[in-house]
Number of protein chains: 2
Amino acid sequence: MITLSIDAMGGDHGPKVVLPALLTVLSRRSDVRFLIYGREEVVRPILDAHPRLAAASRFTHCEVEVRMDDKPSQALRQGRGKSSMWRAIEAVKLGEAEACISAGNTGALMAMSKFCLRTMANIERPAIAAIWPTVRSESIVLDVGATIGADAHQLVDFSILGAAMARALFEIDRPTVGLLNVGIEDVKGQEDVKDAARLLREADLSSMKYHGFVEGNDIGAGTVDVVVTEGFTGNIALKTAEGTARQIGTYLREAMQRTVMAKIGYLFAKGAFERLRMKLNVGKSNGGVFLGLNGIVVKSHGGADAEGFAAAVDLAYDMVRNRLLDRIEADLDLFHARHLRSGALRAEDESEPETEE
Amino acid sequence: MITLSIDAMGGDHGPKVVLPALLTVLSRRSDVRFLIYGREEVVRPILDAHPRLAAASRFTHCEVEVRMDDKPSQALRQGRGKSSMWRAIEAVKLGEAEACISAGNTGALMAMSKFCLRTMANIERPAIAAIWPTVRSESIVLDVGATIGADAHQLVDFSILGAAMARALFEIDRPTVGLLNVGIEDVKGQEDVKDAARLLREADLSSMKYHGFVEGNDIGAGTVDVVVTEGFTGNIALKTAEGTARQIGTYLREAMQRTVMAKIGYLFAKGAFERLRMKLNVGKSNGGVFLGLNGIVVKSHGGADAEGFAAAVDLAYDMVRNRLLDRIEADLDLFHARHLRSGALRAEDESEPETEE
């Protein structure tokens with residue numbers, strides 16, 4: 001049995017979308033239970049109307065809810081200990097739930113998750129990982145906005161986190177990892193990215209295959225399973241791709257309404273267009289995963305519908321079932337054991353001239 | 001009469017694409033002349049076959065050509081003074097041509113352009129500006145990869161350069177300028193981006209309207225006329241958008257071939273799809289503009305066909321006709337005059353306490 005904690009008040013639509021989503025998840029799986037946090041007067045009537053969901057859930061009333069436009073500091077101050085978002089995260093910390101899902105505001109969710117769960121040993125900063133649909137299948141891209149900037153060691157951490165997630169979700173033994181850069185030649189790019197490349201090559205981890213640098217167009221092409229970058233660039237890449245998809249959707253709609261022939265063609269190909277629309281929506285419905293914390297937190301898109309929130313819940317479920325946290329810990333131990341050893345060797349090398357003197 | 005210098009040897013196809021492109025341009029405009037640089041044995045036969053192009057051109061044989069995979073330093077070493085790329089750029093420096101167009105390798109073209117033309121007074125680094133198709137029309141995005149990183153003052157320079165280009169190309173009196181960031185609230189983002197925002201707001205230039213921060217999805221939405229960012233992020237955003245467009249094209253082709261109904265629909269809507277394909281190709285065919293140098297250099301996409309290269313030539317023509325360089329110089333003077341004045345005021349303010357003591 002897998003227990004998931006749910007912030008019922010997050011997102012643009014709150015319990016009206018979140019609870020039907022849980023029903024959908026229940027109809028697909030019998031081994032899942034929910035800890036639901038939210039306001040009694042809105043959540044209880046929906047639970048009462050759906051006895052099957054009520055039976056699979058434990059509900060806890062929370063007086064406070066984090067609003068979509070609250071600043072992270074404000075949300076922490078007003079919502080710590082008592083908001084539905086905090087209580088859902090805290091359930092993971094207390095071991096009552098194995099993962100938390102919220103469609104609430106990203107900044108507040110990250111601030112509370114960091115404060116409550118803390119980052120894992122050996123990890124300096126958490127990252128937000130997005131699942132990116134590609135021509136080949138799906139890739140993981142991180143960090144898409146947890147923090148701005150990352151040094152070489154943090155990029156290596158992100159690589160380990162992303163590779164573990166790829167192994168847990170895609171069932172690949174040794175996922176390929178690429179560092180996002182402005183060219184694929186070894187000489188190009190930021191110093192931190194170049195240093196991270198060297199560290200990853202030297203470490204030669206059994207948990208991933210370091211591919212090299214990848215460029216922006218490689219993300220959608222699915223060149224690697226995991227694309228690693230710092231949060232500023234990752235966030236802009238993600239939103240640029242979303243914007244481009246929306247833009248092409250607009251072009252397509254306009255083109256199909258321009259002539260009678262096009263309109264007739266559209267009617268015939270309606271099913272195909274519907275399929276395409278679904279495909280373009282994948283990224284939106286899946287949500288982002290907070291990695292590097294002592295617990296799994298999934299952020300669903302604030303505007304997601306019930307199907308979208310259900311996809312975020314499924315994602316959390318899959319990661320729990322495939323023991324994401326254990327994988328991450330094992331990979332981190334492996335890297336740091338190897339790194340300390342090679343670090344120790346390097347220190348010896350450097351001190352040699354002195355001992356010879 | 002406008003004279004443009006042409007590197008005939010650049011790009012994946014060289015003179016076979018470049019010279020037909022010039023013929024296309026000539027068929028559209030009578031007031032343009034070309035200085036063509038390249039290898040006699042390939043260029044001359046084509047010129048001989050097209051007397052109209054020959055009559056509008058002056059051809060100069062160059063022994064050396066820069067290859068698409070030459071490193072910038074290598075290209076400079078081997079091609080300085082004698083390659084077709086260098087000679088085309090040099091024609092601008094010598095005042096023989098008013099702009100240079102090459103489909104050659106970007107790194108080499110930028111290195112040679114910087115070396116030969118030098119950056120403008122008051123500009124520390126050049127930028128590459130891309131013309132980005134948007135839902136509303138087109139926007140200018142810079143820097144898309146001339147250099148990595150930019151401090152606040154360089155971001156302000158890019159804003160001035162981009163706004164001048166928008167005024168020259170789009171015929172807008174006061175183009176809107178946005179700084180690319182991970183959120184639109186004032187508190188978010190890198191320090192340099194925040195400082196640039198403050199500088200632009202304080203300067204309140206008549207040559208542009210500073211809009212504020214924009215996010216990745218705002219580029220394709222056409223929220224502002226000019227999107228400013230540093231070259232690493234800009235390059236990744238551009239290539240991510242190109243990759244996304246290609247990805248959706250693949251989805252669309254697959255969807256249209258999946259069922260008989262979809263195939264019939266495709267036949268009816270073929271014209272609409274053709275229009276869409278053209279629209280998605282705009283960015284590719286237009287090429288990037290090097291800004292901040294003492295001369296106009298346009299980089300055509302290396303894989304461009306004749307129509308694409310002709311679009312790059314047209315772009316150079318339009319910028320010359322609309323006096324891009326004069327506009328940039330005037331705007332820079334305006335900003336620096338104002339900035340020096342406000343800088344002087346600030347210095348006075350700061351020294352006040354000392355004089356009171």
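Being a predicted model, the structure only gives us computed values, none of them experimental. Below, read A as the first sequence line, B as the second, and so on, with proteins coming before strands; counting in each chain starts at 1.
- At least one donor-acceptor pair closer than 3.5 Å links the side chain of Gln74(B) to the backbone N or O of Lys71(B).
- Of all the listed residues (Gly220(B), Gly216(B), Gly243(B), Gly234(B)), the one sharing the greatest number of non-hydrogen pairs under 4.5 Å with chain A is Gly216(B).
- Atom CG in Leu180(B) sits 9.5 Å away from atom CD in Gln190(B) (nearest 0.5 Å).
- Within the 4.5 angstrom heavy-atom criterion, only side-chain atoms of Ile148(A), from C-beta onward, approach chain B.
- Neither the backbone nor the side chain of Asp218(B) has a heavy atom closer than 4.5 Å to any heavy atom of chain A.
- Heavy-atom distances place no part of Ala221(B) under 4.5 Å from chain A, backbone and side chain included.
- In terms of heavy-atom pairs under 4.5 angstrom with chain A, the leader among Thr259(B), Asn217(B), Asn235(B), Thr229(B) is Asn217(B).
- For a residue to count as touching a neighbouring chain, one of its non-hydrogen atoms must lie under 4.5 Å from one of that chain's; by this rule Thr250(B) touches chain A with the side chain only.
- Interface residue Ile219(B): only side-chain heavy atoms are found under 4.5 Å from chain A.
- A salt bridge links Lys194(B) with Glu191(B): the distance from a Lys NZ or Arg NE/NH1/NH2 to an Asp or Glu carboxylate oxygen falls below 4.0 Å.
- Side chains of Gln247(A) and Thr244(A): no donor on one and acceptor on the other come within 3.5 Å.
- Ranked by non-hydrogen atom pairs under 4.5 Å with chain B, the options Val135(A), Val193(A), Val260(A) are led by Val135(A).
- The 12-atom threshold is not exceeded at CZ of Arg67(B), counting heavy atoms of other residues, nucleotides or ligands nearer than 6.0 Å.
- Looking only at distances, a side-chain donor or acceptor of Glu230(B) sits under 3.5 Å from a matching main-chain atom of Thr233(B).
- For chain B, the option among Gly149(A), Gly231(A), Ala237(A), Gly107(A) with the highest count of heavy-atom pairs below 4.5 Å is Ala237(A).
- Side-chain atoms of Ser102(B) do not come within 3.5 Å of backbone N or O of Lys299(B) as any donor-acceptor pair.
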